[in-house]
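To start, the structure itself, in structure tokens.
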Amino acid sequence: MNPIIELLQNHRSIRKFTSEKLTREEIETIIQSAQQAATSSYMMAYTIFGITDEKKKAELSEITGQSYVKENGHFLIFCADFHRVTEKATQEEYENMLDNLENSEHFLVSAIDASLAAQNAAVAAESMGLGICYIGSIRNQIARVDELLNLPRHVIPLFGMAIGHPAHKSEKKPRLPLDAVYMENEYKLDRDVLDKFDDQIQEYYARRSENSRQDTWTDQMKRRFQNTIRMDVTDHVRNKGFNKK
Ligand SMILES: Cc1cc2nc3c(=O)[nH]c(=O)nc-3n(C[C@H](O)[C@H](O)[C@H](O)COP(=O)(O)O)c2cc1C
């Protein structure tokens with residue numbers, strides 16, 4: 001196994017960091033690696049924020065309910081960004097761009113571009129011996145986070161990423177069997193594969209050292225999708241000019 005594959009297959013989220021801050025050089029290496037990800041039609045439809053203001057970090061920690069949003073080596077927020085492409089447009093050009101800026105296609109483009117950049121950042125950080133945790137719960141209060149970052153129209157927060165020097169070694173979390181996520185030519189899901197995975201996950205949750213519990217993957221998903229969350233995201237996204245048509 002080459003060292004990159006080994007790194008990728010050893011990923012686990014880190015939720016406890018030492019107080020050591022990332023150096024400017026480390027931050028720049030991570031962001032430059034993120035930037036080199038492939039990007040739809042060269043749009044580079046994202047902006048990455050580093051949150052260095054301790055007050056903002058504290059508020060984000062409160063919004064997310066997660067201490068590691070405050071206690072880390074550096075905290076990033078990835079945003080979908082189509083403001084930049086409008087910056088030099090005349091009013092007439094902007095109006096001609098709107099159908100594209102506001103459609104679902106470009107909402108997907110920006111979310112995909114930002115995610116690819118983020119995963120490059122994650123891999124870069126992990127290759128430097130750092131740990132990361134993605135933070136989707138900044139969307140607990142998406143409008144407040146948007147305001148905190150002073151985001152213009154056509155820019156929305158998507159997710160955060162806590163990065164730092166790991167202060168614990170979490171267990172590697174099992175993934176679905178390959179047969180459940182890789183299909184050839186047509187959709188075919190074998191329920192037995194899910195049953196086997198549920199057994200494996202039940203065992204994993206029962207024996208893991210932190211937060212051990214009685215659960216299966218499919219039960220977890222059924223519970224999750226029966227409880228609506230963040231229903232304000234739809235309106236916020238649309239109000240900012242995304243996914244409107
Ligand atoms: C977009 C995204 C958002 C996430 N948001 C959170 C979060 O808000 N808080 C958290 O503790 N973990 C968060 N995670 C981490 C996942 O819970 C974690 O990746 C998953 O359970 C698998 O565990 P592993 O990363 O240790 O393999 C997020 C992951 C992704 C990809």
Side-chain angles (χ1 to χ4, degrees), residues 5-17 30 34 37 45-49 51 57-80 107-108 110-127 129-142 144-145 148 156-164 166-178 180-181 197-198 200-213 215-225 227 229-230 232-233 237:
I5 307 279
E6 204 170 322
L7 181 86
L8 292 172
Q9 297 196 2
N10 252 310
H11 160 79
R12 68 237 18 224
S13 294
I14 295 297
R15 295 184 174 86
K16 271 188 211 122
F17 302 98
I30 290 167
Y46 58 85
T47 290
I48 308 166
F49 286 87
I51 310 299
K57 262 182 127 173
E59 185 164 350
L60 288 164
S61 178
E62 212 176 291
I63 288 169
T64 58
Q66 287 160 348
S67 57
Y68 36 96
V69 166
K70 196 155 77 103
E71 292 148 16
N72 51 52
H74 199 54
F75 188 69
L76 300 177
I77 296 185
F78 289 80
C79 296
F107 178 53
L108 287 177
S110 60
I112 293 167
D113 268 16
S115 304
L116 295 178
Q119 187 56 18
N120 261 21
V123 172
E126 288 178 348
S127 77
L130 299 164
I132 68 106
C133 187
Y134 280 93
I135 306 290
S137 51
I138 61 159
R139 297 190 306 274
N140 286 348
Q141 289 183 41
I142 191 169
R144 178 67 191 130
V145 174
L148 215 56
I156 48 168
L158 294 174
F159 50 82
M161 185 186 289
I163 310 178
H168 74 141
K169 180 144 171 71
S170 53
E171 276 170 73
K172 188 171 148 177
K173 211 165 168 182
R175 295 299 196 254
L176 283 160
L178 189 134
V181 296
F197 186 59
D198 273 343
Q200 184 194 352
I201 283 296
Q202 199 160 22
E203 203 186 304
Y204 161 79
Y205 279 131
R207 73 169 157 72
R208 77 175 178 180
S209 48
E210 292 170 335
N211 302 327
S212 79
R213 64 177 201 258
D215 208 354
T216 69
W217 183 75
T218 54
D219 283 343
Q220 194 179 322
M221 294 302 124
K222 284 186 288 181
R223 280 199 311 276
R224 186 176 177 100
F225 282 95
N227 287 319
I229 62 159
R230 303 174 188 155
D232 55 323
V233 168
V237 163

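One-based numbering, in listed order, for ligands and for the atoms of each. Small disclaimer: the values here were computed from a predicted structure and weren't measured.
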(message) Residues around ligand 1, heavy atom under 4.0 Å from any ligand atom, sorted by chain and number. Can you pull those?
(response) His11, Arg12, Ser13, Arg15, Gln66, Tyr68, Cys133, Tyr134, Ile135, Gly136, Ser137, Lys173, Arg175

(message) Counting C-beta onward and ignoring hydrogens, is there a side-chain heavy-atom pair between Lys169 and Ile14 closer than 4.5 Å?
(response) no

(message) For Arg208, is there an ion pair with Glu203 - N to carboxylate O distance below 4.0 angstrom?
(response) no

(request) Indicate yes or no: does Glu59 engage Arg144 in a salt bridge with an N to O separation below 4.0 Å. (result) yes

(request) Output the distance between atom CD1 (Ile142) and atom CZ (Arg230), rounded to the nearest 0.5 Å. (result) 9.0 Å

(request) Report the distance from atom CD1 of Ile63 to atom CD1 of Ile138, rounding to the nearest 0.5 Å. (result) 8.5 Å

(request) Mind checking side-chain hydrogen bond (donor to acceptor under 3.5 Å, both in side chains) for Gln141 and listing every partner two or more places apart, or none if nothing turns up? (result) none

